[in-house]
Structures are given as C-alpha cells and as structure tokens.
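See below for the structure under consideration.
Each ligand, and each atom within it, is numbered from 1 in the order the structure gives.
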Amino acid sequence: MSTGKRRPLVVGNWKMNKGPQEADALAVQLKVVIQDYPAVDVGVAPTFLALPAVAERLKHTAVQVVAQNCHPEVSGAYTGEVSPEMLRQLGVTWCLVGHSERRQIFGESDSFVGQKVRGCLRAGVLPILCVGETLAERDAGQAEAVVQRQLDAGLAGLPTDQLASVTIAYEPVWAIGTGRNASPQQAQEIHAFIRSYLEDRYPPFVSRSMRILYGGSVKGSNAAGLLGQADIDGALVGGAALTRDDFVAIVAAAHQRGS
Ligand code: 13P
C-alpha cells in the first residue's frame, strides 16, 4: 500500500455516444463548472469524430482532451485507424489504450496494446493503460494473474523515465456498465497489487508517482468511497460521464480527496 498522495485524475469516457454537436454542448458546460475543482485533473474522451470540435472548445481550459483509442503506427495503410501523432496534432493529452471493450469486442491482444502504449509515448501522447479481469477470471481466482499479464505486455520495453508518463486504469470487466461496482475494498486490493507490481520492478519514484484509476460503474454516490482508498488515484467513468451533473459529482468527490 502506498501513502504517497497523487493528484487525482477523473476521465469521462463517452464511448460511442454523442456526435460532434452533442459532444460540443457538454464540453461547453464542463469547461465552466470544472474551474471550481482545481485540485483535480479532468479529461473527456469523445469519439474520434467529435474530437476536433471538443479539442477546439476546450483549448486553454482546465479540461483535457482524451482519445478512446489509437493505432500504434505514425502513418500508413491502416484503413479506418488514427495515429497517436494525429491525436497530438489535435491537442489530445491522454489516450485510452487496451480498454476492455477493445480487447473483448475487437480482439486486441496484450502485445498489440503494448505497441499502442509505446506508439503514444513516441508521439508525446500520455497513455492510459486499461487492465482488468472478467467475472469468470475473478471467480477462478485469476484476477491478479490476468492483471499482471496485461501489465507485463502493456509496459514491456519502456525505459524507466517514460513510465512516469503512463497512467493505469483498473476496470474489472464485470463492473463495466453493469451498475455493479467493485467495493472500495475489492478495488483497493487490486490497486495495491498493481502498486506493488511497480515497486518490485522499477525505481521507487515510478510506483509513487504513477496514477492508478478505477473504472466500472463509478457514480456520484460511490465515488467518495472508492476515491478514499489509499491506492485509488482517480476514476475512469463511462455512463455517468454523459451528463454534466453526474460527472461533476464524481469530480467533486475527487476534489475532496485532492484538497
Ligand atoms: P461505466 O462507468 O459505464 O461502467 O463504464 C466504465 C468504463 O468502461 C469507462 O472506461
């Protein structure tokens, strides 16, 4: 368990919701209200199609722009894909990598996810590496082994000085979009496991500074309990990020922790 205090980060993953106009409308609301929570880093992840409008709207504001996915390469014959370099040109700060929906629905392998992490860092985009076990894996007692395998591949080959630019998001698949969040203790257990994974392998500053977010049915009503845990440094929010008040309630809980 870590006693270090890291600045909280809350990211809203809008998934395949909100076209450019709706996304811009929410960005307009958020850019004003988020100013009230200076102790928190906040980001929103619209669809690729809405990224230009949202990036323009949030330029020079406290809300950072996040991409939901990328391809590892800089450019080339990869129909339908977007490179980290293109995201950087648009002003994107973070990029989700290896979200469980990408792994499960689109068959992304651990090693492909690792390539994306390295591709983001090459381009100067900060990766948020998503890890987490399915219900069957948890029931089989394999939660830690699965997370370890995903971390091994996701962080493979990174020089130590680049590790501090990576954020981890622990999202147990059984808690995503199900309304069934991990209890604060269940989440803390895996977060502490991830922290000790980092401690065992890298110099102390890595485990002390790297933020580990929790994701999976985070809401205003459960955010304080989750964010009160020693190793939970923020939240990756799906459904509750789609409306201003629900999202702001989570940011407010993170602000409490951070101030
Ligand atoms: P929900 O908050 O809707 O469970 O989604 C979590 C998630 O997948 C965020 O990336």
Per atom 10 (O) of ligand 1, closest listed option by heavy atom (H99, Q68, E101, K15):
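Heavy atom nearest to atom 10 (O) of ligand 1 belongs to H99.
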Tell me which one of G12, A45, A241, G177 gets a heavy atom nearest to atom 4 (O) of ligand 1.
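Nearest heavy atom to atom 4 (O) of ligand 1 lies in G177.
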Considering only heavy atoms from C-beta outward, does the side chain of [X] approach that of [Y] to under 4.5 Å?
| X | Y | result |
| --- | --- | --- |
| L87 | L51 | yes |
| L30 | L58 | no |
| H99 | K15 | yes |

Please list, chain by chain and in numerical order, all residues satisfying side chain to side chain contact (heavy atoms under 4.5 Å, CB included) with Q256, sequence neighbours excluded.
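Expected list: none.
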Residues in side chain to side chain contact (heavy atoms under 4.5 Å, CB included) contact with R122, at least two apart in sequence or another chain
R118
Going by the order shown, which atoms of ligand 1 are within less than 4.0 Å of some heavy atom of [X]?
| X | answer |
| --- | --- |
| S217 | 1 (P), 2 (O), 4 (O) |
| G216 | 4 (O), 6 (C) |
| L236 | 9 (C), 10 (O) |
| E171 | 6 (C), 7 (C), 8 (O), 9 (C), 10 (O) |
| N13 | 9 (C), 10 (O) |
| A175 | 4 (O) |

Which residue, R6, R211, R208, forms the salt bridge (Lys or Arg N to Asp or Glu O under 4.0 Å) with D233?
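Option passing the salt bridge (Lys or Arg N to Asp or Glu O under 4.0 Å) with D233: R6.
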Between G239 and ligand 1, does any nitrogen or oxygen pair lie at a separation below 3.5 Å?
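Yes: some nitrogen or oxygen of G239 is under 3.5 Å from one in ligand 1.
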For T178, is at least one N or O under 3.5 Å away from an N or O on ligand 1?
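Between T178 and ligand 1 (N or O atoms, distance only) the closest approach is not under 3.5 Å.
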Do the side chain of Q64 and the main chain of V92 share a donor and acceptor less than 3.5 angstrom apart?
no
Using only atom types and a distance under 3.5 Å, with no angle test, would you say the side chain of R195 pairs donor to acceptor with the backbone of D231?
yes
Look at atom 2 (O) of ligand 1 and say which protein heavy atom is nearest, naming residue and atom and giving the distance to 0.1 Å.
G238 N, 2.9 Å
